[in-house]
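Only one structure is covered here, and it is reproduced in the block below.
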Amino acid sequence: MFQAYLFPIGFALQTFPLLAFVFTLPFLIVQYRKYGYVNKIRVIVLYSFLLYLVCALYLVILPLPDTRHTCTGTTGSFNQWIPFQFVRDFLRETGLQWNNPATYLRVFGERGFLQVAFNVLLLVPLGVFLRYYFRRRIVRTTVTTFLVSLFFEVTQGTGLYGIYECPYRLFDVDDLMLNTAGGMVGYAIAPWLTAFMPKSDTLDEGVDLSVTRVSYTRRFVAWLIDWAVLSPFVLFFLGRHMLLPIAGAVLFYFVVVPYLTEGRTLGKRIVRIRLNGKDGGLTLHALLVRCVSLYFLIGGPNVLFIGGGMNHLPSMVMIPLLLVAGLLNLVFGIHALLCFVRRDRILFYERWSETKHSIT
């Protein structure tokens, strides 16, 4: 009995890292946009909420049948519409005898009781999360829990929305009742379970964004967004070995655009940061030094080799250039790692250009 529940949970723990990786970028963007920074408590709560949702879904749909042809040999209805049928099943399947107290404890290990208990427990954490983090009242918590339970039951009752010919699990009205009751139990016990944690509506108290350091993670997210914008253009011309338009696009995007928008590219605007120059001003010279230092000195040799711009050179020339490019990448990688570990360090292109980031 317990193995049927342990398998989906174990599979959820195995797949969660991949799901968390996919979830991270939109999560960071939302946090930077909404709050201006990333709160560690909020990270723990939301990632644990994601893990819980994955576990709950897997408990509902796993294990999957070996074949999608699930109608073979199936008889009877795929739905159970009689309320409180679980009470009759409990009395029929368990060895409970009301006049014999010795049978009371044995009930807790029998299938009839465990099935009811797990249906209640399934959405207890949802009730806790809804009250503690999302600050929902009892009515909205009950409605939300019911709708989540309904989603689970429809998923089962439709055979994963038609993937399987027939449902391989029952659509049970009792499950809707028990799951919803579990959400209400979670709502009721949430204050006790979260008493050691700070109130969710006070997580951002005392945070001064004007003195908050712009993290390398935040800058990397902005960089990813910027290059997602530039990549189609760069790849188009790189495939045609046309490097001059690429250089022009990089200069325009990372020099002209931030100069005209007070230090904001699209990526920086989305994560709410901007570039500042010496004494707060931002000049074309500073932006040009910054761009050339990073994208031409470090990135340029890599683009030349990837784009085939050096294929026409003899081996005795290309091999030393390749070694120089590799050495530059290694030195920059070590330099960036040291700056990341020792947060007081400034990246070389920032030092040369006398530019830095601030939160808007």
Side-chain angles (χ1 to χ4, degrees), residues 9 12-13 16-17 19-60 117-152 176-222 269-273 343 357-360:
I9 294 175
L13 293 174
F16 175 71
L19 296 173
F21 176 78
V22 174
F23 174 74
T24 294
L25 182 59
F27 167 77
L28 290 174
I29 291 175
V30 170
Q31 297 303 301
Y32 292 139
R33 289 293 302 172
K34 187 174 182 179
Y35 303 104
Y37 78 113
V38 176
N39 184 286
K40 294 179 181 178
I41 299 296
R42 191 175 282 116
V43 170
I44 294 172
V45 171
L46 289 178
Y47 274 86
S48 61
F49 182 56
L50 175 63
L51 176 60
Y52 158 69
L53 290 179
V54 175
C55 288
L57 179 62
Y58 285 0
L59 283 167
V60 169
F118 281 121
N119 273 321
V120 173
L121 290 174
L122 180 65
L123 295 189
V124 168
L126 180 60
V128 176
F129 281 111
L130 288 174
R131 181 169 186 177
Y132 167 71
Y133 182 76
F134 297 101
R135 302 197 295 276
R136 297 294 185 260
R137 300 291 186 182
I138 181 63
V139 174
R140 296 187 66 178
T141 298
T142 303
V143 172
T144 302
T145 307
F146 173 80
L147 291 176
V148 171
S149 177
L150 181 62
F151 165 73
F152 287 160
L176 288 173
M177 297 163 51
L178 293 170
N179 292 163
T180 304
M184 297 171 69
V185 170
Y187 181 90
I189 65 176
W192 288 274
L193 293 180
T194 60
F196 66 97
M197 300 181 67
K199 300 291 185 182
S200 61
D201 56 353
T202 63
L203 292 178
D204 304 308
E205 289 184 357
V207 177
D208 186 358
L209 294 179
S210 64
V211 297
T212 301
R213 188 182 65 88
V214 179
S215 66
Y216 288 111
T217 303
R218 189 172 194 160
R219 292 161 60 178
F220 181 67
V221 172
R269 185 179 294 276
I270 288 177
V271 300
R272 289 178 55 185
I273 60 176
R343 299 185 177 185
H357 285 92
S358 63
I359 300 175
T360 60

Are [X] and [Y] side-chain neighbours, meaning at least one heavy-atom pair lies under 4.5 Å?
X	Y	value
Leu193	Tyr132	no
Val43	Phe27	yes
Tyr58	Val54	yes
Leu13	Leu51	yes
Asp204	Tyr37	yes
Thr24	Tyr47	yes
Leu28	Val271	no

Residues Tyr32, Val38; criterion side-chain contact (heavy atoms from CB on, under 4.5 Å); working and verdict: CA-CA 7 Å; Tyr32 292 139; Val38 176; 3.4 Å; yes
Nearest 0.5 Å, please: how far is [atom2] in [Y] from [atom1] in [X]?
X	Y	atom1	atom2	value
Arg218	Thr212	CZ	OG1	8.5 Å
Phe146	Asn179	CZ	CG	10.5 Å
Tyr52	Leu59	OH	CG	9.5 Å
Thr180	Asn119	OG1	CG	10.5 Å
Met184	Thr145	CE	OG1	9.0 Å
Thr194	Phe129	OG1	CZ	10.5 Å

Looking only at heavy atoms, what is the nearest atom pair of [X] and [Y], with distance?
X	Y	result
Ala222	Ile273	CB-CD1, 4.2 Å
Pro198	Leu203	CG-CD2, 3.8 Å
Cys55	Ile9	SG-CG2, 4.5 Å

Donor-acceptor pair, side chain of Thr141 and main chain of Gly127, under 3.5 angstrom: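 It does not hold such a pair.
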With distance as the sole test, does Arg272 use its side chain to make a donor-acceptor pair with the main-chain N or O of Ile359 at under 3.5 Å?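 Here the side-chain-to-backbone pair does not exist.
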One pair to check against side-chain contact (heavy atoms from CB on, under 4.5 Å): Tyr35 and Val30. What are the steps and the verdict? CA-CA 8 Å; Tyr35 303 104; Val30 170; 5.8 Å; no
Checking side-chain contact (heavy atoms from CB on, under 4.5 Å) for the pair Leu57/Phe151: CA distance, chi angles, key distance, verdict? CA-CA 10 Å; Leu57 179 62; Phe151 165 73; 4.3 Å; yes
Taking the cut-offs as 6.0 angstrom to the six-membered ring centre and 45 degrees off its axis, would you call Arg131 and Tyr187 a cation-pi pair?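 Here Arg131 passes the 6.0 Å and 45° test against Tyr187.
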Leu176 and Phe152: CA distance, side-chain angles, deciding distance, side-chain contact (heavy atoms from CB on, under 4.5 Å) verdict: CA-CA 9 Å; Leu176 288 173; Phe152 287 160; over 6 Å; no
Atom CZ of residue position Arg213 - does it have more than 12 heavy atoms of other residues, nucleotides or ligands inside 6.0 Å?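 Buried by this count: over 12 neighbours within 6.0 Å.
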